[in-house]
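Just below is one structure, and these are the notes that go with it.
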Amino acid sequence: MAAKSHVWVSRPLFDDVIARLAAHCEVRVEPDDEPLPSATLSARLAESDAAIVGPTQRIGAAEVSAARHLRFIAKLGVGYDSLDLPALTRAGIGASNTPDVLNDSVADFAWALLLNAARRVNAADRWIRAGNWHKPVGMGDWLGHDLYGGTLGILGMGRIGRAIARRARGFEMHVIYHNRTRLEPAIEHDCAARYVDQDTLLRTADALVLVVPRTPATHHIIGAAELARMQPHAVLVNVARGGVVDEVALAEALAAQRLAGAGLDVFEGEPAVHPALLALDNVVLSPHIASATLATHRAIAAAAVDNVLAFLGFGPHAGRPPNLLNPEALRVAGNASAAAPQPPRP
Ligand code: NDP
């Protein structure tokens, strides 16, 4: 009987989801979510044929250099900027992510941040808890800005961006978007969204949501110059990745009231948050939880397991992981699939 493949899971997942893996493989699950020292990470990868890793686990050439058996990495979540995909491909290691299953949860959360930033919900909550509410609020106090009827700008009109756009109908907002590539007319129609250049997006939006992947091209795609083009009553929401926004420039714009508010779920140095942001009352902060609902986290875990099982030759997608990011990796000589004969374990 062929030896079972070894699968390492970098964080606790749902027991019943792991059980589907364990039916076919030897599974090792890390007991907590603590980031692993890089030597431990490399050692775990070296012991494994496949791995399921969290959204921020950085893996590149150094981490896989001793991983003779490793042939597949399934990332939990859709953004895969934490993986050095070219390095994994050169090493003949396939990688997958979990797109689509989180679109609606992330879109809901983007709206939570939009409404919160525009109507100052968290600031009001803090104000009450601090014991400040002693008399009726005046007509000129706590004024926010309407989202209703305004213009919603979306930078990155992909799977999640479109889910955000569809929700704008209920607010009777005009939706404009910018991508490098304009969408098909049928998709624009479905989202009731109009394509504009990036400058128009910045200058026209009353609320701007960022949902681009983190790549070299999107690093600080919103910096001081871009913020200066936005309307002073506008709000900015980032559910994409830290590093897409220049946080120092954003904090300066918010402090100077050159931008009314912001909602940030992701940060360049997370879990550290820039102190200038922490000091501001007109920014709402959340700890990278836009996809965090029970149903969606279960779906993300299940999708990652499906990808691993498919790679290992099990289930309805045997041999064809549904969310494979680098098919060329599996064409590297001798690495066609984990179902193919593997070098013997030491
Ligand atoms: P998609 O790939 O479906 O959409 C990304 C969009 O961004 C595409 O429309 C793409 O269009 C556009 N884009 C890419 N590069 C640029 C650029 N340089 N300038 C302008 N537009 C650009 O991804 P998803 O919608 O599934 O996810 C988007 C991102 O959201 C993920 O990469 C991830 O980082 C983040 N995310 C964050 C979560 C959280 O917990 N906060 C949860 C889930 C996702 P084009 O290629 O034509 O430019």
Can you find a pair of side-chain heavy atoms, one from [X] and one from [Y], that are under 4.5 Å apart?
X	Y	value
Val305	Leu309	yes
Leu325	Thr89	no
His297	Phe14	yes
Ile59	Leu45	yes
Ile52	Val308	yes
Gln257	Asn282	yes
Leu155	Gln198	yes
Phe267	Val245	no

Do the side chain of [X] and the main chain of [Y] share a donor and acceptor less than 3.5 angstrom apart?
X	Y	answer
Glu247	Glu268	yes
Thr218	Thr215	yes
Glu226	Gly223	yes
Thr296	Thr293	no
Asn307	Ala74	no
His317	Phe314	no
Ser48	Arg44	yes
Tyr177	Leu183	yes
Gln231	Thr204	yes
Ser82	Pro55	yes

Run the salt-bridge test on [X] and [Y] with the 4.0 Å N-O cut-off and return the result as yes or no.
X	Y	value
Arg126	Asp281	yes
Arg241	Asp81	yes
Glu188	Arg182	yes
Arg71	Asp49	no
Asp108	Arg167	yes
Arg20	Asp306	yes

Looking at every non-hydrogen atom in both residues, tell me the closest pair between [X] and [Y] and how far apart they are.
X	Y	value
Ala51	Leu70	N-CD1, 4.2 Å
Leu13	Val29	N-CG1, 4.4 Å
Ala234	Ala205	CB-O, 3.7 Å
Thr98	Leu76	OG1-C, 4.2 Å
Ser5	Cys25	O-CB, 3.3 Å
Ala192	Val175	O-CB, 3.7 Å

Salt bridge (Lys or Arg N to Asp or Glu O under 4.0 Å) against Asp15, all qualifying residues, sequence neighbours excluded: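 Here no residue qualifies.
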
Can you measure from [atom1] ([X]) to [atom2] ([Y]) and round to the nearest 0.5 angstrom?
X	Y	atom1	atom2	answer
Ser10	Gln57	OG	CD	4.5 Å
Thr151	Arg203	OG1	CZ	15.0 Å
Leu330	Arg320	CG	CZ	13.0 Å
Leu152	Leu208	CG	CG	8.0 Å
Leu41	Glu30	CG	CD	9.5 Å
Asn116	Asn122	CG	CG	4.0 Å

Take a 6.0 Å sphere around [atom1] of [X] and say whether it holds more than 12 heavy atoms from other residues, nucleotides or ligands.
X	atom1	result
Arg194	CZ	no
Arg229	CZ	yes
Phe109	CZ	yes

Connected via hydrophobic side-chain network under 4.5 Å: [X] and [Y]:
X	Y	value
Leu201	Leu250	yes
Leu259	Leu114	no
Ile176	Leu147	no
Val283	Val244	yes
Val209	Val266	no

Residues Asp100, Asn103; criterion side-chain hydrogen bond (donor to acceptor under 3.5 Å, both in side chains); working and verdict: CA-CA 5 Å; Asp100 284 321; Asn103 294 349; 3.0 Å; yes

Pair Leu264-Ser286, side-chain contact (heavy atoms from CB on, under 4.5 Å): steps then yes or no: CA-CA 6 Å; Leu264 306 175; Ser286 56; over 6 Å; no

Stepwise side-chain contact (heavy atoms from CB on, under 4.5 Å) test for Asp265 and Ile289: CA-CA 7 Å; Asp265 185 49; Ile289 54 169; 3.7 Å; yes

Candidate pair Asn97 and Asn323, rule side-chain hydrogen bond (donor to acceptor under 3.5 Å, both in side chains), full reasoning: CA-CA 6 Å; Asn97 63 348; Asn323 307 119; 5.0 Å; no

Plane angle bin for Trp133 and Trp127 - parallel if under 30°, tilted between 30 and 60°, otherwise perpendicular: tilted

Verdict with reasoning, Ile222 to Leu227, per side-chain contact (heavy atoms from CB on, under 4.5 Å): CA-CA 7 Å; Ile222 301 296; Leu227 291 164; 3.7 Å; yes

side-chain contact (heavy atoms from CB on, under 4.5 Å) between Leu285 and Leu278, intermediate numbers included: CA-CA 8 Å; Leu285 311 169; Leu278 292 173; 3.7 Å; yes

CA sep, side-chain torsions, deciding dist, call: Arg11, Asp32, salt bridge (charged side-chain N to carboxylate O under 4.0 Å, His left out): CA-CA 6 Å; Arg11 63 190 333 189; Asp32 56 44; over 6 Å; no

is_close_aromatic(Tyr195, His178), centroid dist under 6.0 Å: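 Under 6.0 Å, so yes.
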
Derivation of the salt bridge (charged side-chain N to carboxylate O under 4.0 Å, His left out) call for Glu47 and Arg28: CA-CA 10 Å; Glu47 292 162 0; Arg28 174 176 187 163; 3.3 Å; yes

